[in-house]
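For reference, the structure discussed in these notes is given below.
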Amino acid sequence: MTSPYFWLATLIAGFVLLFIGAKSKTLLNNTVFAVVVSILIVVSYLTLVDHYLMDMQGLDYWYLFRN
């Protein structure tokens, strides 16, 4: 699960689910579906950003939140 290709595929799947939900508005009105798709997209995106922008520079994700 640490492969960036896995997270890229997960991000694309999240966007596909988002567009499918947008076509039938009843899916996006379902709170559980909207939350699951949102979490899927956010976690995938942040993991890709962590891999490509931070790990390559020797930083970890939590570096962003240091004081």
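Computed over heavy atoms, backbone and side chain alike; hydrogens, waters and symmetry mates excluded.
- If you run side chain to side chain contact (heavy atoms under 4.5 Å, CB included) between L48 and each of L11, T10, V43, only L11 comes through.
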Donor-acceptor pairs under 3.5 Å, side chain of residues 27-41 to any protein atom, not counting sequence neighbours: which ones?
unit_1, atom_1, unit_2, atom_2, d
N29, ND2, K25, O, 3.3
N30, OD1, V32, N, 3.3
S38, OG, A34, O, 2.7

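- A donor-acceptor pair is defined here as one N or O able to donate and one able to accept, closer than 3.5 Å; such a pair exists between the side chain of S3 and the backbone of Y5.
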